[in-house]
Chemist: 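I'd like to ask some things about the structure below.
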Protein chains: 2
Amino acid sequence: MTETRPRRGSETRTGILDQAETAVLEKGFAATSIEELITAVGITKGGFFYHFKDKSELAQALLQRYIDRENELFVDLFARADELNEDPLHGFLVALKLLAEMMADLPNAHPGCLVASVCYQDQLFKREVRDLNAVGILGWRRRFRTRFDLIAERYPPRIEVDLDHLADMLAALADGGIILSKVTKDKTLLPAQFMLYRDFVRAVFLGTDPT
Amino acid sequence: MTETRPRRGSETRTGILDQAETAVLEKGFAATSIEELITAVGITKGGFFYHFKDKSELAQALLQRYIDRENELFVDLFARADELNEDPLHGFLVALKLLAEMMADLPNAHPGCLVASVCYQDQLFKREVRDLNAVGILGWRRRFRTRFDLIAERYPPRIEVDLDHLADMLAALADGGIILSKVTKDKTLLPAQFMLYRDFVRAVFLGTDPT
DNA sequence: TCCGAACTGCACCCGTGGTATAGTTCGCAA
DNA sequence: TTGCGAACTATACCACGGGTGCAGTTCGGA
């Protein structure tokens with residue numbers, strides 16, 4: 001086993017990333033100093049630059065990790081939901097409910113979206129990082145779009161909507177809802193938006209006629 | 001006419017604000033240097049600090065101006081829409097369409113939302129600024145909520161939804177849609193979300209039965 | 001003529017990102 | 001047991017730029 005590069009699992013490295021993530025979500029990337037990170041983690045400057053040749057490399061690693069984690073979370077979520085219900089529509093509705101519940105204890109559960117944070121400081125980053133961000137968003141779309149295709153086969157839409165747009169809507173509501181929650185300090189706001197979206201999806205595929 | 005304080009309409013002041021707004025939306029507040037602002041506007045450092053005693057005062061003025069403008073825009077929008085249609089629901093639907101059209105040429109029309117930008121760097125600002133931000137959001141809610149109350153009187157909702165949440169949804173979609181648009185560089189995304197929201201509102205108050 | 005609004009010009013300090021380099025600890029493999 | 005390389009520490013240094021303060025200047029209007 002040749003193990004040349006610094007092991008990605010190094011405790012120090014993840015420690016830096018953890019610290020950086022919370023700091024960036026609070027103050028933004030530019031205002032997050034390397035100094036503050038290393039004192040928090042308990043290392044020296046040399047140690048930092050051993051793991052990241054650049055502040056920009058830190059940004060990239062941060063965003064990559066965030067996107068990967070989010071991915072995992074959704075794969076897991078849908079797996080659980082589909083276990084409970086094999087119908088594609090009702091499985092999705094269950095997943096939305098689970099999602100709303102997970103987000104109930106903001107900001108502990110979700111202190112902010114790094115994608116949004118990067119978006120509002122994108123000129124700080126190289127194209128590489130910005131592209132990574134776009135990939136993250138398009139991943140959401142693809143994931144939900146394929147699900148909607150499945151659903152639409154069984155439940156012909158009662159409202160004529162573009163399914164890509166419907167997929168994007170969930171991402172938009174998530175990002176927007178997080179912002180509203182943070183600004184108003186109202187934890188219930190984000191889950192409420194997910195449940196509203198759920199109502200919409202139900203109306204699209206099942207209509208509003210009496211059950 | 002006693003004209004003591006620096007005239008708020010001073011060209012220099014608004015010039016600084018204009019420059020700062022675009023810069024902040026691109027790079028964030030911390031990364032926006034005073035130096036870059038004054039060279040762009042063509043003044044010296046002293047000139048800047050004549051208008052703003054502090055960088056933080058600049059932030060406050062920036063956000064205040066942004067919220068005021070947005071307010072004006074919506075008052076105007078609803079006035080126009082209600083001229084075209086006196087029914088509260090259909091007036092609202094018209095307003096949403098107008099809004100979608102206005103946002104069609106992103107990012108020229110709307111390079112970003114300052115409220116969202118501040119949200120993701122809130123630890124940089126004093127409570128005063130953060131509170132200002134919350135007021136901005138709650139303003140949206142109140143505006144749309146009262147409208148929905150009006151609509152609901154005439155059109156009993158076909159889907160049981162909390163009208164405050166329905167009001168918040170528009171703000172969330174706006175902020176979220178802007179983020180998606182910026183990240184994916186797809187101008188059509190934001191207007192599409194507004195139109196989707198419109199479909200939802202219609203379904204809530206009119207149902208999905210054949211027209 | 002003179003006052004104050006709206007600046008200019010300049011000097012200052014310190015935090016920060018980044019570089020360099022020499023030395024230290026420690027676990028693992030031969 | 002040795003030794004090598006990963007993962008650091010310790011220190012020193014630099015250039016830049018952000019934030020601040022203040023004294024002086026321009027200029028239009030009462």
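Excluded from the calculations below are hydrogen atoms, water molecules and symmetry mates; all remaining heavy atoms, backbone and side chain alike, are included. Proteins come first, then strands; the chains are lettered A, B, ... in the order of their sequence lines, and each starts at number 1.
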Chemist: Tell me which nucleotide among D:dG19, C:dC7, D:dC8 gets nearest to the side chain of B:I34.
Modeler: D:dG19

Chemist: At a heavy-atom distance below 4.0 Å, what parts of residues 15-29 of chain B sit against DNA chain D?
Modeler: none

Chemist: Sub-3.5 Å donor-acceptor pair from the side chain of B:S117 to the main-chain atoms of B:L25, do we have one?
Modeler: no

Chemist: List every contact pair, protein side and nucleotides 20-29 of chain C side both N or O, where the distance is under 3.5 Å.
Modeler:
none

Chemist: Could you give the distance from NE2 (A:H165) to OG1 (B:T188), rounded to the nearest 0.5 Å?
Modeler: 5.5 Å

Chemist: Does A:R142, at its CZ atom, have more than 12 non-hydrogen atoms belonging to other residues, nucleotides or ligands within less than 6.0 Å?
Modeler: no

Chemist: Carefully, step by step, assess B:I179 and A:I179 under the rule side-chain contact (heavy atoms from CB on, under 4.5 Å).
Modeler: CA-CA 11 Å; B:I179 291 173; A:I179 292 173; 3.8 Å; yes

Chemist: Measure the distance from NE2 on A:H51 to C1' on D:dA6 and round it to the nearest whole Å.
Modeler: 9 Å

Chemist: Determine: side-chain N/O of B:Y50 to OP1/OP2 of C:dC7, distance under 4.0 Å, yes or no.
Modeler: no

Chemist: Using atom NZ of B:K53 as one end and atom C1' of C:dC7 as the other, report the distance to the nearest whole Å.
Modeler: 20 Å

Chemist: Tell me which nucleotide among D:dG18, C:dT16, D:dG19 gets nearest to the side chain of B:S33.
Modeler: D:dG18

Chemist: In residues 37-44 of chain A, what residues come within less than 4.0 Å of DNA chain D, judged by heavy atoms?
Modeler: A:G42, A:I43, A:T44

Chemist: Would A:Y120 and B:Y120 count as a close aromatic pair, with their ring centres under 6.0 Å?
Modeler: no

Chemist: Could you give the angle between the helix axes at the two ends of the helix from C:dT1-D:dA30 to C:dA30-D:dT1, with five pairs per end, rounded to 10 degrees?
Modeler: 10°

Chemist: CZ of A:F49 versus P of D:dT9: gap in Å, rounded?
Modeler: 14 Å

Chemist: OP1, OP2 of C:dC7 versus side-chain N and O of B:T12: anything below 4.0 Å?
Modeler: yes

Chemist: What pairs of residues pass the ring pair (Phe, Tyr, Trp, His ring centres under 6.0 Å) test when at least one of them lies in residues 124-143 of chain B, not counting sequence neighbours?
Modeler: B:F29-B:F125, B:F74-B:W140, B:W140-B:F144

Chemist: Determine, for B:D164 against B:R145, whether the closest basic-nitrogen to carboxylate-oxygen distance falls under 4.0 angstrom.
Modeler: yes

Chemist: Which atom pairs, donor and acceptor, lie under 3.5 Å between side-chain atoms of residues 168-175 of chain B and protein residues at least two apart or in another chain?
Modeler:
| residue | atom | partner | partner atom | Å |
| --- | --- | --- | --- | --- |
| B:D168 | OD1 | B:R141 | NE | 2.9 |
| B:D168 | OD2 | B:R141 | NE | 3.2 |
| B:D168 | OD2 | B:R141 | NH2 | 2.9 |

Chemist: What's the spacing between A:I38 CD1 and A:I43 CD1 if we round to 0.5 Å?
Modeler: 6.5 Å

Chemist: Step by step, would you call B:E57 with B:H51 a side-chain contact (heavy atoms from CB on, under 4.5 Å)?
Modeler: CA-CA 9 Å; B:E57 203 175 284; B:H51 289 286; over 6 Å; no

Chemist: Does A:S10 place a side-chain N or O at less than 4.0 Å from the phosphate oxygens OP1/OP2 of D:dC8?
Modeler: yes

Chemist: Would you indicate whether the side-chain heavy atoms of A:F200 and B:V204 approach each other to under 4.5 Å?
Modeler: no

Chemist: Just wondering, are more than 12 heavy atoms of other shown residues or ligands nearer than 6.0 Å to CD in A:E36?
Modeler: yes

Chemist: A:T32 near the nucleic acid: base, sugar-phosphate alone, or nothing, with a heavy-atom cut-off under 4.0 Å?
Modeler: sugar-phosphate

Chemist: Look at the aromatic rings of A:F92 and A:Y197 and report parallel, tilted or perpendicular, splitting at 30° and 60°.
Modeler: perpendicular

